[in-house]
S.K.: 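Quick one: the structure is below, and I'll ask about it shortly.
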Amino acid sequence: MRVTVFGAGAIGGYLAAKLAAAGTVDLSVVARGAHLEAIKADGLRLIEGESEIAAPVRAAARAEELGVQDYVVLALKAHSLAPALDQIAPLLGPETAVVTMQNGVPWWYFHKAGGALEGTRIQAVDPGGTIWQRIGPQRVIGSVVYPAAEVDAPGLIRHVEGTRFSLGEPSGEKSERVTALAREMVKAGLQAPVREDIRSEIWIKLWGNLSFNPISALTGSTLAAIVADEGTRTLARAMMLEAQAIGESLGVRFPIPVDKRIKGAGDVGEHKTSMLQDLERGRPMEIDALVSAVQELGRLTGKPTPAIDSVLALVRRLAIERGCYAPL
Ligand SMILES: NC(=O)C1=CN([C@@H]2O[C@H](COP(=O)(O)OP(=O)(O)OC[C@H]3O[C@@H](n4cnc5c(N)ncnc54)[C@H](OP(=O)(O)O)[C@@H]3O)[C@@H](O)[C@H]2O)C=CC1
Ligand SMILES: CC(C)(CO)C(=O)C(=O)O
């Protein structure tokens, strides 16, 4: 099985290091800059708990060096995908599956979703439908990423917590391609449950990200602080209820009540969300995939989003002022 991880940063690097250490797939990564040079020189180093491994991995700057793959895992930030389409193309043959490992609303959301919006391209994550056209939604295996990881230094990934990458076909089918990939991930010590309704799981993760991430960026607060403060907790809750109404109108099941989800986020503790971390490091923030796309789904479903609209306006303005907004 030929697998390439495109974008071997925190999450892609963690996945790649685990697969490389297991040695059961023919693995490559596409990376760039000092990170690529370090992987070529020393392998992909992974700190996990008390242990550190260096997994030898085939690493390339250009996909042409690797050729057509059975699976391409896209582990880029959402806003990095459109600019990388030309670089990804040489990896794709007629049978190649593409696994999308991004937070937020995925560009393929309405592929095989059924209903009136079937086939709709979401402009906030895929302006003009370019990604849809160039990659092709029929290739997609959806994913929800639960592990937390960081790039500590070029070539060095630090695993923070979690091993679960839920997988699912947009159609819900338990296809051979998704079950075969899940098998290899399990051999590598990961959890890779195959879901029949990956969209509902995407929404559960998104529920927290669309509210807590921008509020944390706007206030500089950790998850625990946002939940402890009545004002910010109430605002997050209002955003989440707006999102729930949108999701439910699209057929999504929210298996837990909103207050339980809020408590779960608070229990994570004094943790800075990825959006706040990106802001503090001067990196582009994933505003469009996490928040603008939900606003767009609100417009498409006719559901009002006053709280989401206000927070989005503020966080986008903040990102522009700080040079951390990467419009697609
Ligand atoms: N990190 C985490 O704990 C979690 C992340 N996620 C989600 O996973 C996704 C990936 O996040 P994360 O791993 O943190 O992001 P990172 O920025 O750590 O990794 C992305 C990697 O892709 C590289 N990249 C971008 N464009 C290209 C290109 N054209 N060619 C080659 N390499 C490229 C980046 O390189 P460069 O650094 O040079 O830009 C970087 O190494 C996001 O959607 C995030 O929200 C979900 C759960 C937890
Ligand atoms: C910590 C958490 C769950 C916040 O909602 C997250 O996913 C992020 O920081 O992006």
Side-chain angles (χ1 to χ4, degrees), residues 4-18 28-40 44 46-48 57 59-66 72-91 99-107 125 131 134 142-166 190-191 201-202 204-206 208-210 212-214 216-217 223 265 268 271-279 281-291 293 324 326 328:
T4 285
V5 177
F6 195 104
I11 291 302
Y14 171 59
L15 173 70
K18 296 293 283 180
S28 308
V29 299
V30 177
R32 61 184 179 187
H35 193 50
L36 172 66
E37 295 314 316
I39 298 170
K40 279 185 165 171
L44 200 42
L46 172 67
I47 299 172
E48 202 174 14
V57 178
R62 292 160 47 81
E64 287 87 342
E65 298 167 38
L66 305 173
V72 175
V73 177
L74 299 177
L76 306 160
K77 296 272 191 173
H79 46 254
S80 302
L81 180 52
L85 287 172
D86 285 344
Q87 295 167 273
I88 294 165
L91 302 170
V99 188
T100 57
M101 289 192 176
Q102 273 99 35
N103 273 340
V105 180
W107 56 269
V125 285
I131 301 174
R134 295 280 308 277
S143 175
V144 182
V145 176
Y146 291 97
E150 291 184 21
V151 180
D152 266 6
L156 178 62
I157 312 295
R158 188 166 53 84
H159 175 250
V160 179
E161 59 161 8
T163 59
R164 175 153 58 104
F165 293 81
S166 294
L190 301 167
Q191 295 178 74
E201 204 164 316
I202 287 172
I204 298 300
K205 177 113 204 264
L206 177 62
N209 290 141
L210 77 94
F212 290 107
N213 289 32
S216 74
L223 289 168
V268 175
H271 172 76
K272 293 183 179 180
T273 69
S274 55
M275 201 177 275
L276 175 55
Q277 291 180 38
D278 285 340
L279 176 68
R281 292 173 192 170
R283 295 190 309 214
M285 295 147 74
E286 289 185 296
I287 294 174
D288 288 328
L290 269 50
V291 196
C324 296
L328 290 173

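Just follow the structure's listing: the first ligand is 1, and inside any ligand the first atom is 1.
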S.K.: For A148, which part has a heavy atom under 4.0 Å from ligand 1: side chain, backbone, both, or neither?
M.R.: both
S.K.: A84 heavy atoms, cut-off 4.0 Å: which ligand 1 atoms fall inside?
M.R.: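 Taking each heavy atom of A84 in turn, ligand 1 has 29 (N) under 4.0 Å.
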S.K.: Under 4.0 Å from a heavy atom of V145: give me the atoms of ligand 1 that qualify, with their elements.
M.R.: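 Numbered from 1, ligand 1 contributes 46 (C), 47 (C).
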S.K.: Output the list of atoms in ligand 1 that are nearer than 4.0 Å to some heavy atom of P147, sorted by atom number.
M.R.: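 The list of qualifying atoms is 3 (O), 47 (C), 48 (C).
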S.K.: Under 3.5 Å, side chain of Q102 to main-chain N/O of L76, donor-acceptor pair present?
M.R.: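 At least one qualifying donor-acceptor pair exists.
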S.K.: Can you sort out which atoms of ligand 1 are near F6, meaning under 4.0 Å from one of its heavy atoms?
M.R.: 28 (C), 30 (N)
S.K.: Yes or no: does G33 have any heavy atom under 4.0 Å from an atom of ligand 1?
M.R.: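 No heavy atom of G33 comes that close to ligand 1.
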S.K.: Indicate yes or no: at least one non-hydrogen side-chain atom of K272 is less than 4.5 angstrom from one of S216.
M.R.: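 Result no, sub-4.5 Å side-chain heavy-atom pair not found.
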S.K.: Is it the side chain (CB and beyond), the backbone, both or neither of Q87 that lies under 4.0 Å from ligand 1, heavy atoms counted?
M.R.: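 For Q87, the contact with ligand 1 is made by the side chain alone.
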S.K.: Could you tell me, atom by atom, which parts of ligand 1 come under 4.0 Å of a heavy atom of K205?
M.R.: 46 (C), 47 (C)
S.K.: Quick check on contacts: which atoms of ligand 1 are under 4.0 angstrom from a heavy atom of M101?
M.R.: 8 (O), 9 (C)
S.K.: Under 4.0 Å, heavy atoms only, figure out whether ligand 1 is touched by the backbone of P83, its side chain, both or neither.
M.R.: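 The answer is neither.
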S.K.: Find all atoms of ligand 1 within a distance of less than 4.0 Å from any non-hydrogen atom belonging to N103, and give their numbers and elements.
M.R.: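 Heavy-atom distances to N103 below 4.0 Å select 6 (N), 7 (C), 43 (O), 44 (C), 45 (O), 46 (C), 47 (C).
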S.K.: Test of understanding: given a 4.0 Å heavy-atom threshold, classify the contact between Y146 and ligand 1 as side chain, backbone, both, or neither.
M.R.: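 It is neither; nothing of Y146 touches ligand 1.
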S.K.: So, Q87 side chain and A63 main chain: donor-acceptor pair closer than 3.5 Å or not?
M.R.: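 No: the side chain of Q87 does not pair with the backbone of A63.
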S.K.: Sequence neighbours left out, what passes side chain to side chain donor-acceptor pair (under 3.5 Å) with E201? Give chain and number order.
M.R.: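 Y146, R164, S166, R195.
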S.K.: Contact between I131 and L85 at the side-chain level, heavy atoms closer than 4.5 Å - yes or no?
M.R.: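 Heavy-atom side-chain distance check passes, below 4.5 Å.
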S.K.: Backbone N or O of E286 within a donor-acceptor pair of the K77 side chain at under 3.5 Å?
M.R.: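 Between the backbone of E286 and the side chain of K77 there is no qualifying donor-acceptor contact (under 3.5 Å).
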S.K.: Between atom CG of N103 and atom CG of L206, what is the distance when rounded to the nearest 0.5 Å?
M.R.: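 Here the rounded value is 8.5 Å.
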S.K.: Measure the shortest side-chain to side-chain distance between H79 and D288 over non-hydrogen atoms and say whether it is less than 4.5 angstrom.
M.R.: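 Heavy-atom side-chain distance check fails, nothing below 4.5 Å.
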S.K.: Mind checking whether E161 contacts ligand 1 via backbone (N, CA, C, O), side chain (CB onward), both or neither, at a 4.0 Å heavy-atom cut-off?
M.R.: neither
S.K.: Within the side chain of H159, is there an N or O that forms a donor-acceptor pair under 3.5 Å with the backbone of G162?
M.R.: yes
S.K.: Quick check: I11 and ligand 1, any N/O pair under 3.5 Å apart?
M.R.: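 Yes, I11 has an N/O under 3.5 Å of an N/O on ligand 1.
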S.K.: Number the atoms of ligand 1 from 1 as they appear, then name those within less than 4.0 Å of a heavy atom of A149, with their elements.
M.R.: 1 (N), 2 (C), 3 (O)
S.K.: Can you confirm whether L74 sits close enough to V99 that some side-chain heavy atom of one is under 4.5 Å from a side-chain heavy atom of the other?
M.R.: no
S.K.: Determine, considering heavy atoms only, which of M285, M275, R32 sits nearest to atom 35 (O) of ligand 1.
M.R.: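 Among M285, M275, R32, the closest heavy atom to atom 35 (O) of ligand 1 comes from R32.
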S.K.: List for me each residue that meets side-chain contact (heavy atoms from CB on, under 4.5 Å) alongside A31, sequence neighbours excluded, and say none if there are none.
M.R.: H35, L36, I39
S.K.: Are any of the N/O atoms on G7, whether in the backbone or the side chain, positioned under 3.5 angstrom from an N/O atom of ligand 1?
M.R.: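 No.
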S.K.: Could you see which bit of E286 sits under 4.0 Å from ligand 1, with heavy atoms only: side chain, backbone, both or neither?
M.R.: side chain
